[in-house]
Amino acid sequence: MEYSAKNIENKWQQYWEENESFEPSEDFTKEKKYILSMFPFPSGRLHMGHVRNYSISDAFARYHRQQGKNVLHPIGFDSFGMPAENAAIKNGSHPKNWTYDNIDYMKNEFYSLGFSFSRKREFATSDELYTKFEQGFIIDMYNKGLLYREKGMLNWCPHDQTVLANEQVVDGCCWRCDTPIVKKDMNQYYFKITAYADELLDDLKKLEGGWPKQVLTMQENWIGKSNGLAFDLYFDNESLLKLSHTFERFDVFTTRPDTVYGISYTALAPEHEIITYMIENKLLDDTVIKQIETMKNASSIDRQKEKSGVALGLHVKHPLTGELIPVWVANFVLMDYGSGAVMAVPAHDERDYDFAKKYDLPIKAVIKPFNAEHDFSKTAFTEVGELINSDDFIGINSQKVQKHIIEMFEEKGIGKKTTNYKLKDWGVSRQRYWGAPIPFIHCDTCGLVMEKKENLPVALPEDVEITGEGNPLENHPTWKHCKCPECGGDALRETDTMDTFVESSWYFLRFCASPSNWGKEAFSFEQIKYWMGVNHYIGGIEHAILHLLYARFFTKVFRDLGYIDFDEPFERLLTQGMVLKDGAKMSKSKGNTVDPDAIIEKYGADTARLFILFAAPPTQELEWNDSAVEGAYKFIKRFFERSANVVPCNEKPQINHSDLNKEEKFARKKVYEALKRAEDVYNERYTFNTMIAGVMEAMNALNVQKNTNVWSEGYWILSSIMEPVIPHTCYEISEKCFHLNNLVPQEILEEVFVEESICLGVSINGKKRGEIEVATDASKDDILSAAKENIAKWLDGKEIVKEILVPKKLVNIVVKG
RNA sequence: GCGGAUGUGGUGAAAUUGGUAUACACGCCAGACUUAGGAUCUGGUGCCGCAAGGCGUGGAGGUUCAAGUCCUCUCAUCCGCACCA
């Protein structure tokens, strides 16, 4: 039997397609498994990261299908987004054509890898039907107050000519093109994700055990909840006069109420409204205004380089002591956290300390180390200590005093306990063509109105010019002109489109919908109830925050809108490691990519899949290795060719274990060990590499014996447990040898693990010195005396203190002298 | 700085509860078959040492009859967040 990957793979891919082998059943009484891998952006062709992603999910899907579960393993395309437009600018293709051509190509690649996706449920998020339902949800969210429009300072990417969400700004640069972002003041739509901040944080606990710790921590940090005290600082009379009483106070937030007695200056963000007022009313010198403008215009990277600031000539009164405190503007104060103003306690905060040193501001110590002194002329003291210079609180532990100080502020009515979050509302509008239009209309008479649901989708016009300049929808001659749904007068459509993360926030729900109903509804409550949550979600760690947080948010929103009845979408999350070559992530720019098509062409899909699952556990980085790929190929070839030793049969052969010789017994044991390991791997551990190693061991053991029944039984089992990994080869073997009857749950026969004798290690003081073979039922005394005899020369002249027998493992003799 | 991980042969990696460290594979070495081998098969392969033996899971301690595994400290690498008040 000669192994020909190409023939075998073509044959079975055709068979699966003709038989619709991977369509889930609509019988909702069956036990289900929803196996999902993160859907791809149709960039052109698959890369090895995709192959790894889908090889993992496919292994799960195929395993559970063998186990008789009703398996949903869908695939789609996250097909809106900038690259389609960039390609249009570069080579004049229409974004739609570019996208759908790529989808067609990539679909073929998927099926040439033998992935068992449900073909009937494929969709692309740029399909008008998908847009239609999404726009419906957007309207629902607006009506619920979860979407709003507001002017604000936004992250603007000058290269991509669009707004970015905070989450899409990486190191002050655009996450896609690395261009430094600038701030721009404009109208934008926001999802009120902050309304769910606490729930998004608290529910992370429900995911413990199912999600990687790292991802949970990243989300926790991103939400960034911190508790503290907020209070107002009031200007003194002189300052009030200067400001013409337009402002009489501003508020600040601190997580260190224990340090309030140490305030020696306060600082406002350059964007703070008081500053804006002062600039507009020429209350500052030109040189100062210039300095503030420089701070505001600096990129966020430059702004982090060095602290700078300038005094405003204003003073506030300390809330407790009434002391006058100077007000500064400082570049390190961020407008979008807290209230854009801070109380500065240089003695106990490094940042405040640096600033105070630079501008020679007073440093007032209010905490000292327990039983020690601290030199405040050199550094800040930021640890826990005892209070000094703090009225009634002197001598108290600085950590324990915090709640008392908060209580005091509340009793006096001058401040209150407050919680702050780093999480910001999610800005979703984009000034781009290739996205889902926001279904709103601007009417001079009625204001911002929703499109009527029966008019959805608001579809994109096809006749656009994509030049890279401005917003193509805005520039389109007719598209934006429409009638107001309320008053019927002339109105303008919103020309912003939605962030593509909106589509990926609910696609996993759409997959639950029966294709026969696709046109009527996004999904039904019953379908969702049956299929959700996702049992295994597999994808890259790069989505740890963005996509996974947004999808959790949408789930909670949909729950509150009554569409679904659960809190969390993904029960188990498996974040696969990156695929590396020569120690670096595969990337076009580094020129170290390996093309999946080339590997399929040379060795076949099964080889690619086997290598990828064998070379490392799924969560670890995977180093590409050409000769190991070759090794995977050789294993498959041997596995296939040695199936010639099997006598074809319709059921697993019955074997009388006691009739077998030593090699035959050993081979059976190895086969069943591999089976045991496979069950564990598919259900608990997901370390496919160890399962495959077990199968290889079993193969090696089978190969040193000649019993055809043992061969047949071995192949019956091994080709079943390997089918999720190398499906084509295993289907071929299964058909030739077992008429496709063996791809079913396998029973573990405990009899093969029963042995007459076992090997025990013998050690002295924990150091291995020998090995004995004893009867399984040997008495403790027999074993100990055999052990002592075995290592007699080591015991010579020593006194035995203790003898330890660990059943089925080892004997340890403890000696003295 | 804060948070999360990882560290085992020449390489990718095993070791499920503390119980014979290095399974499986790649590579390398030797042999067989061969006109040939980058094919196939067989055997060997942690390090030092002729050997006896010694050493060995980043390093240093500790707990234990017994530690890759548990505890303390430490070093290195990777990832995420970061002037968050």
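Lettering of chains follows the sequences in order, A, B, ..., and the numbering in each one begins at 1.
Put simply, CG on A:L229 is 12 Å from C1' on B:rA85, counting in whole angstrom units. Rounded to an integer number of Å, the gap from OH of A:Y421 to P of B:rA85 is 14 Å. The CG-P distance, from A:D354 to B:rA85, rounds to 16 Å in whole Å. In this structure, CD of A:E630 is placed 10 Å from P of B:rC26, rounded to the nearest angstrom. Atom CD of A:Q214 and atom C1' of B:rG3 are 10 Å apart (whole Å). Look at CD on A:Q620: it is 11 Å from C1' on B:rG7, rounded to the nearest Å. Atom CZ in A:F666 sits about 13 Å away from atom P in B:rA23, given to the nearest Å. What separates CG of A:L810 from C1' of B:rU17 is a distance of 14 Å, to the nearest Å.
Side chain of A:Y265 to main chain of A:D352: a donor-acceptor pair is present (N/O by atom type, distance under 3.5 Å, no hydrogens or angles).
With hydrogens and angles left out, the side chain of A:R351 and the base of B:rA85 share a donor-acceptor pair within 3.5 Å. Judged by atom type and distance alone, A:N812 reaches the base of B:rC65 through a side-chain donor-acceptor pair under 3.5 Å.
Both A:F614 and A:N703 sit near RNA chain B, but only A:F614 has its closest nucleotide nearer the 5' end. Toward the 5′ end of RNA chain B lies the nearest nucleotide of A:A616, the other residue of the pair A:E306 and A:A616 mapping further downstream.
Checking B:rC78 for Watson-Crick or G-U wobble geometry (two distances, each under 3.5 Å) identifies B:rG4 as its partner. With a 3.5 Å ceiling on both atom-pair distances, the Watson-Crick or G-U wobble partner of B:rC73 is B:rG59. When both distances must be under 3.5 Å, the Watson-Crick or G-U wobble mate of B:rC84 does not exist. Applying the Watson-Crick and G-U wobble criteria (two distances, each under 3.5 Å), B:rC50 pairs with nothing in any strand. B:rU17 is unpaired under the Watson-Crick or G-U wobble criterion, no partner having all donor-acceptor distances under 3.5 Å. Pairing for B:rG10 is with B:rC26, a Watson-Crick or G-U wobble pair whose two hydrogen-bonding atom distances lie under 3.5 Å. With a cut-off of 3.5 Å on both Watson-Crick or G-U wobble distances, the partner of B:rU35 is given as none.
Ion pairing between A:E621 and A:K585 fails under the 4.0 Å rule for side-chain N and carboxylate O.
Between A:F611 and A:W624, the ring planes are perpendicular. Angles over 60° get that label, and only those under 30° would be called parallel. A tilted orientation is assigned to the rings of A:F231 and A:F409, their planes being inclined by 30° to 60°.
Comparing the same atom, P, in B:rU69 and in B:rG3 gives a spacing of 23 Å after rounding to whole Å.
The cationic atom of A:K6 (NZ for Lys, CZ for Arg) does not lie both less than 6.0 Å from the six-membered ring centre of A:Y603 and within 45° of the ring axis.
Note on A:N689: a side-chain N or O is less than 4.0 Å away from OP1 or OP2 of B:rA14.
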